[in-house]
Amino acid sequence: MNGVLALRTSATLCSDPSRVVARLFLPGEEPHLAHSRAGTIAARVLALDEPTIERIAAGLGRDFANRYRDYPRLLERHASVVAAHVDNGVPLSPARTLVLGASFTAEYATEAAALCNPSAFLHPDQRNLEPGQVRVAVSLRAIGEGHISSISFCEAVIGPGPQWSFAQRDVPIVAGEVSPGRWRADQLRAVLEDQGGVDELSNGLLRTLPTQFDASDVERAVARLSADLLTRPGAQDSVDLMRRLVASAYEVDFPADTMLAQRTLRPSVAEESDGMEDARFTRFVAADGRVDYRATYTAYDGHQIAPRLLLSADLLNFRTHRLSGPAARNKGMALFPRLVGGRHLALCRTDGESISLTSSADGYGWAQPRLIHEPVQPWELVQVGNCGPPIETDAGWLVLTHGVGPMRTYAISALLLDLDDPALVIGRLPYPLLQATRSEQDGYVPNVVYSCGGVVHDGRLWLPYGIDDTRIGVAWAPLDQLCSELISHR
């Protein structure tokens, strides 16, 4: 095999089962059970004498307090959820409140099953670095019990020279405070059209909503609707669909004193209840020079997928929103890091096996895609897709690709797109840049090397990649040599 190949480094990041979050646990409300047992459990807690309660509370503090930022507050919040079962007019002691909350709390190891699919981008904090170094943020797909994915983060320093060093990942990890998101009427209409849910009732609601609105505005609009509309066949289904879609937008705020590696984005709405998969982050520079951080990810509810958008100005506050349009109907969207020709662009894979290009006026609604690359090489006989957002170089837009070949083996290669018209492919690497070695063949998902985004620094393409969904490795390639090789294979 001739040409440039990625060179592996010794940098490795492995999953850590001690990275846990505490989530609300309501026994009996699991999908396979029919009724809640909250009342009987609460009654047992109330029946215990105070010395026993004090002893249990002390043990909880000893065993779990150092695993969370504010363990008592967490338990008090969970106790408040089941407060209706203990409203007997007698106030609970602080210790009994903690025991009650702990009885409805379970730890979840966010990456106990797998850690994979990294996406690297320039970190907003570039302080305290040596000459020739740069700090990058890396998003990670963390997979826990039940194969449920969340989005975690880590940091790394590149340089000087061909060096990559992962920073220590601090604990405890923090899930953040979730609050309702806001919509525009045109955004909601577009998503409703995708769902086939635009009818007379939804049209009436959309006309009465303010320019920007949230779930409470929708409830007020429903209350003002004509009884004639509300009693029509299918009216309740239309209202329920609108409520569900509006509730799917939300924000997550993290404390300012947390490190990036402590922050984790957990499934928070119904359409992502079975996972937030494969975030592809990019540092987006607007036409006026403003910078923010954007990612697409795949929400999964156990039956259907939904492409979603993450937006953040500072990696402390994240807004997440449903995408719409013909291009937002499959996995693997990847955003360009700036406007091209005055429009947002993205790569997508709407047919499940080829790479296409799509555009958007606002970054939310995506137009009919245009095919730019379909499976042609031996390592992509099954399908091909992107490995993260395009990277701007002097030679063109560098697109890392993943191909799936016989025996469901994965390989990473590359395309080069024209800077002014990215629908034009001006170079295709005729061999894999990276594929699994013998030592990378076995793991949670065998024969997989996969990335959700690389970064360029000091003349090198840096590529963190998932190995068999088991651990993260890092490789690099000389950028000029790679681009020259791509151009020579127009």
Side-chain angles (χ1 to χ4, degrees), residues 119 121 181-198 206 211-212 245-246 248-250 271-272 276-299 305-313 318-352 354-373 385-392 397 399 415 417-425 452-453:
S119 176
F121 54 103
R182 299 185 68 78
W183 287 76
R184 297 196 320 258
D186 60 319
Q187 293 171 341
L188 182 56
R189 179 181 292 277
V191 177
L192 282 167
E193 288 174 350
D194 283 350
Q195 301 286 309
V198 177
L206 289 167
T211 304
Q212 291 196 14
L245 289 175
V246 171
S248 72
Y250 63 93
E271 70 180 30
E272 61 189 26
M276 306 166 73
E277 302 179 359
D278 300 346
R280 288 160 158 81
F281 269 88
T282 190
R283 179 179 181 270
F284 185 86
V285 181
D288 61 4
R290 285 182 298 176
V291 172
D292 63 16
Y293 303 89
R294 304 184 177 195
T296 54
Y297 70 95
T298 302
I305 61 170
R308 292 178 63 90
L309 175 68
L310 269 174
L311 295 169
S312 180
F318 292 84
R319 291 179 289 132
T320 176
H321 209 285
R322 182 76 173 267
L323 296 175
S324 65
R329 292 177 185 169
N330 212 318
K331 294 184 175 185
M333 289 189 72
L335 305 172
F336 280 62
R338 64 170 175 85
L339 299 181
V340 180
R343 293 182 66 80
H344 297 268
L345 296 184
L347 300 175
C348 60
R349 193 176 65 188
T350 52
D351 66 355
S354 305
I355 299 175
S356 296
L357 180 73
T358 181
S359 66
S360 172
D362 62 0
Y364 291 88
W366 293 91
Q368 186 68 41
R370 175 179 174 182
L371 177 67
I372 63 171
H373 178 70
N386 69 72
C387 268
I391 300 169
E392 187 169 8
W397 293 105
V399 176
L415 303 173
L417 309 181
D418 185 81
L419 280 177
D420 297 321
D421 183 4
L424 299 177
V425 179
C452 284

What are the two closest non-hydrogen atoms of [X] and [Y], and how far apart are they?
| X | Y | value |
| --- | --- | --- |
| Leu357 | Ala423 | CD2-N, 3.6 Å |
| Met333 | Pro307 | SD-CB, 4.3 Å |
| Ala287 | Leu339 | CB-CD1, 4.4 Å |
| Ala346 | Leu335 | CB-CD2, 4.0 Å |

Using side chain to side chain contact (heavy atoms under 4.5 Å, CB included) as the criterion, list what pairs up with Ser356, not counting sequence neighbours.
-> Cys348, Pro369, Leu371

Can you name the residues that form a side chain to side chain contact (heavy atoms under 4.5 Å, CB included) with Asp194, not counting sequence neighbours?
-> Ser324, Arg329

Would you list the pairs meeting salt bridge (charged side-chain N to carboxylate O under 4.0 Å, His left out) in which at least one residue belongs to residues 181-192, sequence neighbours left out?
-> Arg182-Asp214, Arg184-Asp186, Arg184-Asp362

Kindly state each residue pair satisfying salt bridge (charged side-chain N to carboxylate O under 4.0 Å, His left out) with at least one member in residues 283-294, sequence neighbours excluded.
-> Asp288-Arg290, Asp292-Arg294

Any side-chain to backbone donor/acceptor pair from [X] onto [Y]? Under 3.5 Å, distance only.
| X | Y | result |
| --- | --- | --- |
| Trp397 | Leu419 | yes |
| Ser119 | Cys452 | yes |
| Ser360 | Gly365 | yes |
| Thr298 | Lys331 | no |

Side chain proximity check, Phe281 to Leu310, heavy atoms < 4.5 angstrom = yes

Below 4.5 Å, heavy atoms only, C-beta onward: do Val425 and Leu417 meet side chain to side chain?
-> yes

Test side-chain contact (heavy atoms from CB on, under 4.5 Å) on Ile372 and Leu347 and set out the steps.
-> CA-CA 9 Å; Ile372 63 171; Leu347 300 175; 3.9 Å; yes

Please round to the nearest 0.5 Å and tell me the distance separating atom [atom1] of [X] and atom [atom2] of [Y].
| X | Y | atom1 | atom2 | result |
| --- | --- | --- | --- | --- |
| Phe336 | Glu392 | CZ | CD | 10.0 Å |
| Glu193 | Leu188 | CD | CG | 10.0 Å |
| Thr296 | Glu277 | OG1 | CD | 12.5 Å |
| Ile305 | Tyr297 | CD1 | OH | 13.0 Å |
| Trp183 | Gln212 | CH2 | CD | 12.5 Å |

Salt bridge (Lys or Arg N to Asp or Glu O under 4.0 Å) partners for Asp421, two or more places apart | none

Show your reasoning for whether side-chain contact (heavy atoms from CB on, under 4.5 Å) applies to Thr358 and Thr350.
-> CA-CA 10 Å; Thr358 181; Thr350 52; over 6 Å; no

What pairs with Arg280 under side chain to side chain donor-acceptor pair (under 3.5 Å), at least two apart in sequence or on another chain?
-> Asn386, Tyr450

Do the ring planes of His344 and Trp366 sit parallel (below 30°), tilted (30 to 60°) or perpendicular (above 60°)?
-> perpendicular

Kindly assign one of parallel, tilted or perpendicular to the pair Phe121 and Tyr293, based on the angle between their ring planes and the thresholds 30° and 60°.
-> tilted

Passes side-chain contact (heavy atoms from CB on, under 4.5 Å), Thr320 versus Leu309? Steps please.
-> CA-CA 5 Å; Thr320 176; Leu309 175 68; over 6 Å; no

Tell me, yes or no, whether the heavy-atom count around Arg343 atom CZ, taken from other residues, nucleotides or ligands under 6.0 Å, exceeds 12.
-> yes

So, Ser248 and Arg322: side-chain donor and acceptor under 3.5 Å apart, yes or no?
-> no

